[in-house]
Amino acid sequence: MLPRGVKLLPVVQPGEPAEGNLPAGGCSSKAAASCGSKTQPMDPTIREKVANHPCYSQEAHQFYARMHVAVAPGCNIQCNFCNRKFDCANESRPGVTSKVLTPEQAARKVKYVATRVPQLSVVGIAGPGDPLANADRTFRTLELVAKETPDIKLCLSTNGLALPDQVDRIAALGVDHVTVTVNMTDPEVGERIYPWVFYGGRRRTGKEAASILSERQLEGVERLVAAGILCKVNSVMIPGVNDEHLADVSATVRGMGVFLHNVMPMVSAPEHGTYFGLNGFRGPTPQELAVLQDRCEAAGGDMNMMRHCRQCRADAVGMLGEDRSEEFSGDEVLAAEETYDLEQRRAAHAQIELDRERRRVERQSLRIATGGTERPEATVLVAVATKGSGVVNQHFGQASEFWIYEGGAQWARFIHTRSVERYCFGPSTCNDDRSPLDKTVELLGDCAAVVCQKIGPEPARVLKAAGIEAVEAHQLIEQVVAEVGEQLARRPLAGIAGASGTRRDTA
Ligand code: CLF
Ligand code: SF4
């Protein structure tokens with residue numbers, strides 16, 4: 001029996017083709033009854049654009065991969081969470097450095113990777129500095145990639161300062177996806193984030209710098225939308241600086257026609273050597289981030305929120321949840337003369353689409369709600385270990401990240417992902433001697449259960465001692481989350497199967 005008010009809706013994840021009046025697009029947490037304007041089927045042009053883009057569609061990211069080519073070393077602004085030694089922190093994680101490639105090397109690398117990673121659907125330029133502060137290198141790379149690997153989508157991410165002058169060139173090259181980082185629209189907030197910007201041939205500081213940057217960003221966004229380019233906004237959440245302001249940013253850019261908003265956590269540690277890191281500004285906890293994402297979603301009316309960002313590096317390769325950049329970093333990759341087999345890649349994508357369709361049909365038959373205003377009265381958080389493809393298929397000990405869902409009777413809402421290594425909870429937990437298992441337990445401390453394909457007795461015992469049930473499963477994620485959530489929400493203290501975990505039916 002269902003708790004009062006729960007509507008039975010087929011599971012439709014962002015990016016799936018909309019049927020009838022079901023929600024679609026990057027609407028990760030709304031169901032038809034509450035999705036406002038998204039109760040209409042998605043525009044077919046937009047649907048085609050997001051269909052296999054792993055960042056613009058949460059569902060697609062379970063099946064498709066991206067790669068970044070690090071061709072843009074310079075930057076035209078200074079952010080207080082960046083010290084230029086590492087990749088651009090507006091799109092990637094501080095503390096990693098990517099080797100800069102020439103456009104020709106980058107195009108050769110794309111061919112090499114595309115031949116070996118059939119899931120690859122998108123090539124992005126996101127650093128290590130700002131792509132549009134290195135416009136010639138960036139556009140030459142895009143030109144070569146478009147010519148030599150024509151089935152791959154092109155993507156760009158920029159701080160926006162140079163954007164208004166480059167939109168025509170971006171459109172002419174057929175770039176369909178552009179991300180602009182907007183951390184503020186209020187110069188009073190902005191002057192705390194940006195010590196300077198370089199514009200009009202000289203360095204600007206203070207409120208003037210922040211005003212120029214904000215105006216240029218919004219003008220750039222306006223021009224992108226007018227050119228029919230799908231626009232995503234990234235915002236770095238800096239507690240105590242812009243966290244109270246980002247819901248206004250979300251509403252502003254939603255009003256301008258931005259498709260998706262990605263609020264990312266600032267990752268701040270003294271060893272990164274950034275102004276914020278050295279001066280005790282901390283990043284948000286996963287819980288604080290999730291609360292702000294919900295606020296932005298509401299403030300934007302019906303803003304699509306990206307909740308599956310991995311803050312990948314400027315030379316990232318692979319599915320969003322995996323990092324294969326090392327595997328493709330050798331000189332042989334840059335020297336390789338590949339023959340590009342377009343037919344083989346098309347056949348691989350046709351197979352991916354068949355698998356994807358099978359999962360979609362399975363999910364729809366379950367009729368589990370993935371969001372909406374009328375959620376069950378009782379829900380719990382469930383952490384899932386998965387490598388993608390829509391199923392629980394990762395061993396607990398091998399998971400480098402967990403997907404966090406809210407689960408309840410006939411209900412499974414994706415919240416976000418948490419990386420086992422990534423989150424820093426401030427100086428008191430840096431460089432400590434806790435075991436990886438202890439850190440994982442702390443990371444998942446607010447979850448009632450962990451669902452994974454396999455778990456050993458010792459980690460299951462440690463989780464149990466922390467009040468987290470371990471559940472073994474190999475099924476569709478939503479199905480397990482809803483079942484486990486329903487049981488645990490009803491019996492939060494009794495648990496469901498003891499510390500050794502419960503064996504569940506296999507898919
Ligand atoms: Fe790269 Fe960015 Fe394009 Fe994606 S990433 S340029 S839109 S192809 Fe994606 Fe990586 Fe998050 Fe960026 S997970 S950091 S949002
Ligand atoms: Fe660093 Fe990126 Fe900011 Fe430039 S835009 S200062 S590279 S975080």
Side-chain angles (χ1 to χ4, degrees), residues 26 49-50 52-58 60-61 64-70 72-94 96-98 120-134 138 142 152-163 175-183 193-198 209 213 217 230-236 238 259-268 272-276 305-323 325 401 416-417 419 422:
K49 284 181 182 174
V50 302
N52 65 354
H53 195 306
C55 302
Y56 283 68
S57 160
Q58 196 268 341
H61 105 285
Y64 288 101
R66 55 71 183 100
M67 79 176 278
H68 287 166
V69 283
C75 190
N76 46 6
I77 68 173
Q78 179 64 58
C79 305
N80 275 332
F81 44 75
C82 174
N83 75 350
R84 311 303 190 91
K85 288 190 191 150
F86 304 115
D87 291 354
C88 176
N90 277 331
E91 175 83 5
S92 45
R93 179 163 38 115
V96 293
T97 314
S98 303
L120 183 72
S121 60
V122 179
V123 166
I125 302 182
D130 183 71
L132 298 182
N134 304 262
T138 293
L142 292 170
I152 290 181
K153 284 183 196 300
L154 304 176
C155 197
L156 259 185
S157 175
T158 175
N159 64 39
L161 183 65
L163 181 59
V175 179
D176 265 344
H177 302 79
V178 175
T179 296
V180 186
T181 297
V182 181
N183 295 324
I193 303 173
Y194 304 102
W196 58 261
V197 309
F198 191 84
L213 181 61
Q217 287 172 337
L230 214 51
C231 186
K232 167 164 81 66
V233 159
N234 279 5
S235 301
V236 179
I238 313 161
F259 177 73
L260 189 61
H261 191 193
N262 174 25
V263 180
M264 321 154 79
M266 178 177 74
V267 183
S268 181
H272 296 149
T274 65
Y275 174 84
F276 281 152
M305 297 304 296
M306 178 179 186
R307 296 171 193 262
H308 60 284
C309 176
R310 306 305 204 283
Q311 291 173 280
C312 29
R313 33 191 301 159
D315 61 358
V317 177
M319 308 292 281
L320 295 194
E322 66 181 2
D323 183 0
S325 50
E401 65 173 25
H416 57 212
T417 63
S419 163
R422 191 164 308 169

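Side chains are part of it too, since the values below use all heavy atoms of this structure and drop only hydrogens, waters and symmetry mates. Counting starts at 1 for both ligands and their atoms, in listed order.
Contact check for Gln217 versus Leu161: no side-chain heavy atoms found under the 4.5 Å cut-off. Between Tyr56 and Val122 there is no side-chain heavy-atom pair separated by less than 4.5 Å. Taking the side chain as every heavy atom from C-beta outward, Cys231 and Val178 never approach each other to under 4.5 Å.
Distances below 4.0 Å separate heavy atoms of Asn159 from the following atoms of ligand 2: 5 (S). Near Asn262, meaning under 4.0 Å from any of its heavy atoms, are these atoms of ligand 1: 15 (S). Distances below 4.0 Å separate heavy atoms of Arg310 from the following atoms of ligand 1: 11 (Fe), 13 (S). Under a 4.0 Å criterion applied to the non-hydrogen atoms of Cys155, ligand 1 contributes the atoms 3 (Fe), 6 (S), 7 (S), 8 (S). For ligand 1, the atoms lying closer than 4.0 Å to a non-hydrogen atom of Cys312 are 5 (S), 10 (Fe), 13 (S), 14 (S). In summary, the atoms of ligand 2 found under 4.0 Å from a heavy atom of Ile77, numbered by their order in the structure, are 4 (Fe), 5 (S), 6 (S).
If you look at His177 next to ligand 1, there are no close heavy atoms at all, none under 4.0 Å. Contacts of Cys79 with ligand 2, taken as heavy-atom pairs under 4.0 Å, involve both backbone and side chain. Proximity of His68 to ligand 1, defined as any heavy-atom pair under 4.0 Å, is confined to the side chain (atoms from C-beta onward). For Asn234, no heavy-atom contact with ligand 1 is shorter than 4.0 Å.
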Verdict with reasoning, Asn80 to Tyr194, per side chain to side chain contact (heavy atoms under 4.5 Å, CB included): CA-CA 6 Å; Asn80 275 332; Tyr194 304 102; over 6 Å; no

From CA spacing to verdict: side chain to side chain contact (heavy atoms under 4.5 Å, CB included), Asp130, Asn76: CA-CA 7 Å; Asp130 183 71; Asn76 46 6; 4.2 Å; yes

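Residue Ser121 comes nearest to Pro54 through the heavy atom pair OG-CD, 3.8 Å, listed as atom of the first residue, atom of the second, then distance.
With rounding to the nearest 0.5 angstrom, the OG atom of Ser157 is 5.5 Å from the CG atom of Asn234.
Of the options Ala314, Gly127, Cys309, Gly321, the smallest heavy-atom separation from atom 11 (Fe) of ligand 1 is shown by Cys309. Between the choices Arg313, Met264, Lys232, the shortest heavy-atom distance to atom 15 (S) of ligand 1 belongs to Lys232. Closest to atom 8 (S) of ligand 1 by heavy atom, among Val122, Val69, Thr417, Leu156, is Val122.
In this structure, a donor-acceptor pair under 3.5 Å is absent between the side chains of Asn83 and Thr274.
For residue Cys55, an N/O/S atom approaches atom 4 (Fe) of ligand 1 to within less than 2.8 Å.
Side chain of His61 to main chain of His308: no donor-acceptor pair is present (N/O by atom type, distance under 3.5 Å, no hydrogens or angles).
Within the structure, ligand 1 has Met306 among the residues with a heavy atom less than 4.0 angstrom away.
Proximity of the aromatic rings of Tyr64 and His53 is defined here by a centroid distance below 6.0 angstrom, and this criterion is not met.
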